[in-house]
Undergrad: 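Got a structure here, written out as structure tokens. Questions coming.
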Amino acid sequence: MLRRIFLLAILAGVIGLGVFWWLTIPATVAAGALPAYQPDLANGLTTFNAGGCSSCHAVPKQGDRTRLGGGLAIPSPFGTFYAPNISPDPNDGIGRWSEADFVTAVMKGTSPSGAHYFPAFPYPSYQHAKVSDVRDLFAYLKTLPPVAGKVRDHDLPFPFNIRRNVGVWKLLFMNGKPFIADASRSAHWYRGAYLVNSFGHCAECHSPRNVLGGIVTAQRFAGGPNPEGGGWVPNITPRGISDWSVKDIAYFLESGQTPDGDSAGGSMVRVIRNTSQLSSSDRDAIAEYIKSLPPVEGPPKPVKKEKKEKES
């Protein structure tokens, strides 16, 4: 009897492992799914700026936004990630990648070797992009200077360092669907909605996360603890910026200046370096969309220790 129970337990474990392995197979985009295409480099540049590629991938502590040698440390509750080299360098960057490799990485979060990328790479938002935009971005990146230098491995404790587990995370928090907006809205509004929800990946920072690191859907754009540690990311729904006009938001994306005369700080400074390069039409479209968001109450901010002591 005990032997039978033991064998059944082993069988159940093998079946469970097989199901886990099957469910977490990294998704890819086949080269055959990408028909002949003439890239638009100007649109690739727009996509580069909208996606904030240089914010994470430019070599730290130097002024050239096009030197995408990586190396930026990105702290998180799960460990520290290091942005990789995405320059055209054939040895240390993406110089040997095929177009299908790049589209797969950006939209599926899967590496050319068939491993899951960690979602510090904001592919949960990029998955909603148009394939043509991703192809234009790849063509543009290939025009940038190659930067030699391998980036160090991520510093993640067990079990967060097991890439296969990311497959389960993707099942929970990715739907693989293109962005679909309200058809009753204007084309200008749709453009803003598309940029915010795909390449702009605004929700990735401006939304609270659950214990598994997934965005709390009901509080999307409602701000929360800074995922990089320290500080609070603001609520960008009307609950947080109700007194900002569309013009105020667009000007902030251009200059980093708030309506009350303050200026952007922290990682938002890097974001403004990118959005300031967008066309005024795209900034206005983003602003129009953000202003149209429904007001959402974000998570409560922790009460500062000094304030608690004063009240007691």
Undergrad: Does K291 use its side chain to pair, donor to acceptor, with the backbone of I249 at less than 3.5 Å?
TA: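 A pair under 3.5 Å: no.
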
Undergrad: Hydrophobic clustering (ILVMFWY, side-chain heavy atoms < 4.5 Å, transitive) - are L137 and L45 grouped together?
TA: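 Yes.
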
Undergrad: Compute the ring centroids of W244 and F252, then answer whether they are less than 6.0 Å apart.
TA: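 Judged by ring-centre distance (under 6.0 Å), W244 and F252 do meet the cut-off.
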
Undergrad: Applying side-chain contact (heavy atoms from CB on, under 4.5 Å), name anything that partners S279, two or more places apart in sequence or on another chain.
TA: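 Scan of S279 (side-chain contact (heavy atoms from CB on, under 4.5 Å), adjacent residues dropped) gives S281, D282.
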
Undergrad: Is there a side-chain contact between F81 and L156 (heavy atoms, below 4.5 Å)?
TA: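 Yes, their side chains come closer than 4.5 Å.
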
Undergrad: Would you say F118 ends up clustered with I74 if hydrophobic residues are merged whenever their side chains have heavy atoms under 4.5 Å apart, either directly or through other cluster members?
TA: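 Yes, because I74 and F118 connect within a single hydrophobic cluster, where side-chain heavy atoms sit under 4.5 Å apart.
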
Undergrad: Quick one: does any side-chain atom of T28 pair with a main-chain N or O of A30 as donor and acceptor, under 3.5 Å?
TA: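 Checked: no pair found.
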
Undergrad: Looking at CD1 of I272 and CD of Q257, how far apart are the two atoms once the value is rounded to the nearest 0.5 Å?
TA: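 Nearest 0.5 Å value for the CD1-CD distance: 9.5 Å.
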
Undergrad: Is the backbone N or O of N274 less than 3.5 Å from a side-chain atom of Q277, with the two atoms forming a donor-acceptor pair by type?
TA: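 No, the answer is negative, given that no donor and acceptor are paired below the 3.5 Å cut-off.
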
Undergrad: Quick one, E288 with S186, criterion side-chain contact (heavy atoms from CB on, under 4.5 Å). Give me CA distance, side-chain angles, the key distance, then yes/no.
TA: CA-CA 10 Å; E288 181 181 336; S186 69; 3.7 Å; yes

Undergrad: Tell me whether the centres of the aromatic rings in Y117 and Y123 are closer together than 6.0 Å.
TA: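 Centroid separation for Y117 and Y123: 6.0 Å or greater.
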
Undergrad: For F199, is the NZ or CZ atom of K130 found under 6.0 angstrom from the centre of its six-membered ring and inside 45 degrees of the ring axis?
TA: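 Not flagged: K130 not positioned over aromatic ring of F199.
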
Undergrad: Tell me, please, which residues at least two apart from D64 pass side-chain hydrogen bond (donor to acceptor under 3.5 Å, both in side chains).
TA: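 Residues passing side-chain hydrogen bond (donor to acceptor under 3.5 Å, both in side chains) with D64: T66.
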
Undergrad: Can you label the angle between the W97 ring and the F102 ring as parallel, tilted or perpendicular, going by 30° and 60°?
TA: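 The arrangement is tilted - the two ring planes meet at 30° to 60°.
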
Undergrad: If hydrophobic clusters are built from ILVMFWY residues whose side chains come within less than 4.5 Å, do M107 and F179 share one?
TA: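 Cluster IDs for M107 and F179 match.
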
Undergrad: Within this structure, what is the OG-CE distance for the pair S55 and M268, rounded to the nearest 0.5 Å?
TA: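 Here the rounded value is 9.0 Å.
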
Undergrad: Can you pull the salt bridge (charged side-chain N to carboxylate O under 4.0 Å, His left out) pairs that have at least one residue in residues 193-209, sequence neighbours excluded?
TA: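 Checked against salt bridge (charged side-chain N to carboxylate O under 4.0 Å, His left out) - neighbours excluded - the pairs reaching residues 193-209 are E204-R209.
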
Undergrad: Going by heavy atoms in the side chains, are V196 and F221 under 4.5 Å from each other?
TA: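 Touching, per the 4.5 Å side-chain cut-off.
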
Undergrad: Got a second to check how far R135's CZ is from Q38's CD, nearest 0.5 Å?
TA: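 That separation rounds to 10.5 Å.
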
Undergrad: Would you compute the distance between atom NE2 of H206 and atom CD1 of I215 and round it to the nearest 0.5 angstrom?
TA: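 One gets 11.0 Å once the value is rounded to the nearest 0.5 Å.
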
Undergrad: Using a 4.5 Å cut-off between side-chain heavy atoms of Ile, Leu, Val, Met, Phe, Trp and Tyr, which other residues end up in the same hydrophobic cluster as I162?
TA: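 Besides I162, the hydrophobic cluster comprises F158, listed by chain and residue number.
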
Undergrad: Given the rule that I, L, V, M, F, W and Y join up when any side-chain heavy atoms are under 4.5 Å apart, are Y126 and V271 in one cluster?
TA: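 Y126 clusters together with V271.
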
Undergrad: Determine the interplanar angle of the H154 and Y82 rings, folded into 0 to 90°, and report it as parallel if under 30°, tilted if 30 to 60°, perpendicular if over 60°.
TA: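 Judged by the thresholds at 30° and 60°, the geometry between H154 and Y82 is parallel.
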
Undergrad: Quick one, T110 and K170 - any side-chain contact, counting heavy atoms below 4.5 Å?
TA: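 Yes, close enough: below the 4.5 Å cut-off.
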
Undergrad: Which residues pass the side-chain hydrogen bond (donor to acceptor under 3.5 Å, both in side chains) test with S207, sequence neighbours left out?
TA: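 Checked S207 against side-chain hydrogen bond (donor to acceptor under 3.5 Å, both in side chains); zero matches.
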
Undergrad: Does any part of the side chain of I94, heavy atoms only, come nearer than 4.5 Å to the side chain of P88, both counted from C-beta?
TA: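 Side-chain contact under 4.5 Å: no.
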
Undergrad: Show me the pairs that pass ring-ring contact (aromatic ring centres under 6.0 Å, His included) and involve residues 259-295, at least two apart or across chains.
TA: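 Residue pairs with at least one partner in residues 259-295: W189-Y289.
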
Undergrad: Is any side-chain heavy atom of D92 closer than 4.5 Å to a side-chain heavy atom of V147?
TA: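 They are not in contact (no side-chain heavy atoms under 4.5 Å apart), so the answer is no.
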
Undergrad: Check whether any side-chain heavy atom of V246 sits under 4.5 Å from a side-chain heavy atom of D284, and report yes or no.
TA: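 Counting from C-beta outward, V246 and D284 never come under 4.5 Å.
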
Undergrad: Not counting sequence neighbours, which residues clear salt bridge (Lys or Arg N to Asp or Glu O under 4.0 Å) with R220? List them please.
TA: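 Expected list: none.
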
Undergrad: side-chain contact (heavy atoms from CB on, under 4.5 Å) between D89 and K150: does it pass, once the steps are laid out?
TA: CA-CA 10 Å; D89 186 86; K150 207 79 174 172; over 6 Å; no

Undergrad: Do T258 and D260 pass the side-chain hydrogen bond (donor to acceptor under 3.5 Å, both in side chains) test, and can you show the C-alpha distance, the side-chain angles, and the key distance before you say yes or no?
TA: CA-CA 5 Å; T258 65; D260 60 4; 2.3 Å; yes

Undergrad: What's the shortest heavy-atom distance between A33 and P35, and which atoms?
TA: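 Heavy atoms of A33 and P35 come nearest at O-CD, 3.3 Å.
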
Undergrad: For E297, check side-chain hydrogen bond (donor to acceptor under 3.5 Å, both in side chains) against everything at least two apart and list the hits.
TA: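 E297: side-chain hydrogen bond (donor to acceptor under 3.5 Å, both in side chains) contacts with R239.
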
Undergrad: Are T237 and N235 linked by a side-chain donor-acceptor pair shorter than 3.5 Å?
TA: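 There is such a pair (donor and acceptor under 3.5 Å, judged by atom type) between the side chains of T237 and N235.
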
Undergrad: Answer with yes or no whether the side chains of N49 and R273 bring together a donor and an acceptor at under 3.5 Å.
TA: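 Looking only at side-chain atoms, N49 and R273 do not form any donor-acceptor pair under 3.5 Å.
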
Undergrad: Give the ring-plane orientation class for H57 versus F121, where under 30° counts as parallel, over 60° as perpendicular and anything between as tilted.
TA: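 H57 vs F121 ring planes: perpendicular.
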
Undergrad: Is there a donor-acceptor contact under 3.5 Å from the side chain of W232 to the main chain of K301?
TA: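 Between the backbone of K301 and the side chain of W232 there is no qualifying donor-acceptor contact (under 3.5 Å).
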
Undergrad: Would you check, one step at a time, whether the test side-chain contact (heavy atoms from CB on, under 4.5 Å) holds for V166 with F160?
TA: CA-CA 9 Å; V166 177; F160 306 124; over 6 Å; no

Undergrad: Mind checking whether T46 and L278 have side chains closer than 4.5 Å, heavy atoms only?
TA: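 A side-chain contact under 4.5 Å exists here.
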
Undergrad: Step through the shown structure and confirm whether more than 12 heavy atoms of other residues, nucleotides or ligands are within 6.0 Å of OH on Y251.
TA: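 Counting other residues, nucleotides and ligands, OH of Y251 stays at 12 neighbours or fewer.
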
Undergrad: If we ignore hydrogens and angles and just use 3.5 Å, is the side chain of S54 paired with the main-chain N or O of A58 as donor and acceptor?
TA: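 Checked: no pair found.
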
Undergrad: How far apart are the closest heavy atoms of G79 and P157, and which atoms are they?
TA: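 Where G79 meets P157 most closely, the heavy atoms are CA-CD, 4.3 Å.
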
Undergrad: Run the salt bridge (Lys or Arg N to Asp or Glu O under 4.0 Å) test against R283 and tell me which residues pass, sequence neighbours left out.
TA: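 Residues passing salt bridge (Lys or Arg N to Asp or Glu O under 4.0 Å) with R283: E254.
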
Undergrad: Do you reckon V216 sits in the same ILVMFWY cluster as V211, going by side-chain contacts under 4.5 Å, direct or chained?
TA: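 Different clusters.
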
Undergrad: If every non-hydrogen atom of P60 is compared with every non-hydrogen atom of G70, which pair is closest and at what distance?
TA: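 Of all heavy-atom pairs spanning P60 and G70, the closest is CD-O, 3.4 Å.
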
Undergrad: Can you check whether S198 reaches S125 side chain to side chain, under 4.5 Å on heavy atoms?
TA: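 In short, these two side chains do not touch, never coming nearer than 4.5 Å.
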
Undergrad: As an exercise, state the distance from CG of L195 to CZ of R191, rounded to the nearest 0.5 Å.
TA: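 With rounding to 0.5 Å, CG (L195) is 4.0 Å from CZ (R191).
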
Undergrad: Could you go step by step and tell me if K61 and L72 meet the side-chain contact (heavy atoms from CB on, under 4.5 Å) rule?
TA: CA-CA 9 Å; K61 298 180 181 177; L72 179 73; over 6 Å; no

Undergrad: Got a sec, which hydrophobics cluster with V233, joining ILVMFWY side chains under 4.5 Å apart, including via others?
TA: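 Traced through the cluster, V233 reaches no other member.
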
Undergrad: Could you state the interatomic distance from OH (Y194) to CD1 (I286), rounded to the nearest 0.5 Å?
TA: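 It is 12.0 Å, given to the nearest 0.5 Å.
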
Undergrad: Looking at every heavy atom in both A287 and A250, which two are closest together, and how far apart are they?
TA: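 So the minimum-distance heavy-atom pair works out to CB-N, 3.6 Å.
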
Undergrad: Please name the pair of heavy atoms, one in G114 and one in P26, separated by the smallest distance, quoted to 0.1 Å.
TA: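 What the structure gives for the nearest pair is O-CG, 3.0 Å.
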
Undergrad: Sequence neighbours excluded, which residues qualify as side-chain hydrogen bond (donor to acceptor under 3.5 Å, both in side chains) partners of N43?
TA: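 N43 satisfies side-chain hydrogen bond (donor to acceptor under 3.5 Å, both in side chains) with D133, D136 once adjacent residues are dropped.
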
Undergrad: Only counting residues at least two apart or in another chain, list the ones meeting salt bridge (Lys or Arg N to Asp or Glu O under 4.0 Å) with D101.
TA: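 D101: no salt bridge (Lys or Arg N to Asp or Glu O under 4.0 Å) contacts found.
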
Undergrad: Might you point out which heavy atoms bring A139 and P39 nearest each other, and give the distance in Å?
TA: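 For A139 versus P39, the nearest heavy atoms are CB-CB, 3.4 Å.
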
